[in-house]
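As the structure is a prediction and not an experimental result, all values here were calculated from the model.
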There are 2 protein chains.
Amino acid sequence: MENENCILRLSRYKNSLLKLRHLGLTRVFSENLADAAGVTAAQVRKDFSILGIRGNRRGGYQVDQLIGQIREILGKDKVHNFVLVGTGNLGKALLRYPGFEKSGIKILASFDIDSVKMEGQTNIPILPLEELDGYIQKKQIQFGIISVPDFAAQQVCQIMIRAGIKGILNFAPIRLQVPEDCVIRNINLETELENIIYFVNAANKEGKQP
Amino acid sequence: MENENCILRLSRYKNSLLKLRHLGLTRVFSENLADAAGVTAAQVRKDFSILGIRGNRRGGYQVDQLIGQIREILGKDKVHNFVLVGTGNLGKALLRYPGFEKSGIKILASFDIDSVKMEGQTNIPILPLEELDGYIQKKQIQFGIISVPDFAAQQVCQIMIRAGIKGILNFAPIRLQVPEDCVIRNINLETELENIIYFVNAANKEGKQP
DNA sequence: TAGATTGTTAATCGATTAACAATC
DNA sequence: TAGATTGTTAATCGATTAACAATC
């Protein structure tokens, strides 16, 4: 019943609610929250309905309580352990990204073929790729981030899957083959930029010949 | 008529076609391409129909020609100039990302409040934020990347818009306010990870109580 | 020509929006 | 109670898929 968009919106509701709480609000109506999150009020109520979140028929929703419920649904009441493979430019940036730790996302270790690429820059160890499989199994890790070059991504993915990873965030610009019990999300920077470029160019052309 | 998903798929078709060409194919049918890109054959034909790409009713599509047409639609026959604002971990990684240059995406300059953050590491200059507005206007740049912390993002966005930027890739975890003639795409790492975590946890629960 | 594949129209599916009865 | 807002059902909208006539 819950679709992907619904859960993506849930993250947005959470962020908007944190902002509204910071502004001093203790209650919101679906209308307020919708405005803050940039969706319709019907969408908010529908999403909450799907997820079993309910408010008060005249009082709307208590901000604190609502944040708590959403956090629980998103699993933010627990810390989730990750491995990261590929400590190039992007991988390094992710290792140093301060937003993860406070958000319950903990990268326990990173891996690279060239494990001496960067030492001591963070307190997250960089281990040789051969240890990836054993590490995941030993620590029972379920989540992985792939930031290796495209030609290496599928192989890394296979190691992860075999070792028990169930969710992968993939930055390599290829479509990874995964069994259906593995959740995957792709971030393809080039595709994102191509999309922006297309629509800006399209608008340019439209403007010129109305 | 062309919707966002259609254009995102177009990038995928392009990538798949490059792979197929590398494998030695000179022609494809909608069926082949669909398989390679992970969509249905009807989807491929529909997308091509929308975009005015046409093949041969028995011979399918010529790979080279098709790649050429898609590249042109995506504007990949030209170089597009960008500015990047925010040279923290992520910004630095993007500046060093080798994939952009070969893909017609050229970051001309980067900006930061602290412009001495990193010198000489790439050949892309890092300039003080005060020069952003003038630089964009002087060079007539249409595209920007925002990789500053959330509290600074809206302000940077406003400078970009005022100076003439029409397309923005935003990594800051907030919803930027932009006029409707400005194209924006957001990449929110935390949201992506939350999504993965949610669906893996959901699958875990399902498995335990069938 | 006969057969295969496109290009397009119609059918289906799913997600969003609107409407309104339930109820605080 | 009267009024306002939720929660849910029905209507709408748009995107994907299926089907098939056109045609190479």
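Across all strands shown, C:dC24 pairs with D:dG3; the Watson-Crick or G-U wobble distances both stay below 3.5 Å.
The shortest distance between the side-chain N/O atoms of B:Thr40 and the OP1/OP2 oxygens of D:dT16 is not below 4.0 Å.
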Could you go through B:Ile136 and B:Leu132, starting from their C-alpha distance and side-chain angles, then the distance that decides it, and tell me whether this counts as side-chain contact (heavy atoms from CB on, under 4.5 Å)? CA-CA 6 Å; B:Ile136 293 169; B:Leu132 176 60; 3.5 Å; yes
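At whole-Å resolution of the value, CD in A:Gln43 and C1' in D:dT12 are 14 Å apart. Rounded to whole Å, atom C1' of D:dT6 lies 14 Å from atom CD of A:Gln62. Computed from coordinates, the A:Glu4 CD to C:dG14 P distance equals 15 Å when rounded to whole Å. Between B:Asn3 atom CG and C:dG14 atom P there is a gap of 18 Å when expressed in whole angstrom units. Remark: C1' of D:dG7 and CZ of A:Phe29 are 16 Å apart, rounded to the nearest angstrom.
Contacts of B:Arg27 with the nucleic acid, taken as non-hydrogen atoms under 4.0 Å apart, are absent. Heavy atoms of A:Ser49 sit under 4.0 angstrom from at least one base atom. A:Phe48 comes within contact range of no nucleotide atom at all, as no heavy-atom separation falls under 4.0 Å.
Side chain of A:Arg57, nearest nucleotide from C:dA15, C:dA21, C:dT9: C:dA21.
Of the two residues contacting DNA chain C, namely A:Lys46 and B:Arg45, the nearest-nucleotide position lying further toward the 5' end is that of B:Arg45. Both B:Val39 and A:Tyr61 lie close to DNA chain D; mapped to their nearest nucleotides by heavy-atom distance, the more 5′-ward contact belongs to A:Tyr61. The residue among A:Asn5 and A:Arg58 whose nearest nucleotide of DNA chain C is located toward the 5' end is A:Asn5.
In this pair, A:Phe111 and A:Tyr135 present their aromatic rings perpendicular. The plane angle is above 60°, beyond the 30 to 60° band.
Without hydrogens or angle criteria, A:Asp47 side chain to A:Val44 main chain gives no donor-acceptor distance under 3.5 Å.
Using a 4.5 Å heavy-atom threshold, the side chains of B:Arg27 and B:Asn56 count as separate.
Between the side chains of B:Asn15 and A:Glu190, not a single donor N or O lies within less than 3.5 Å of an accepting N or O.
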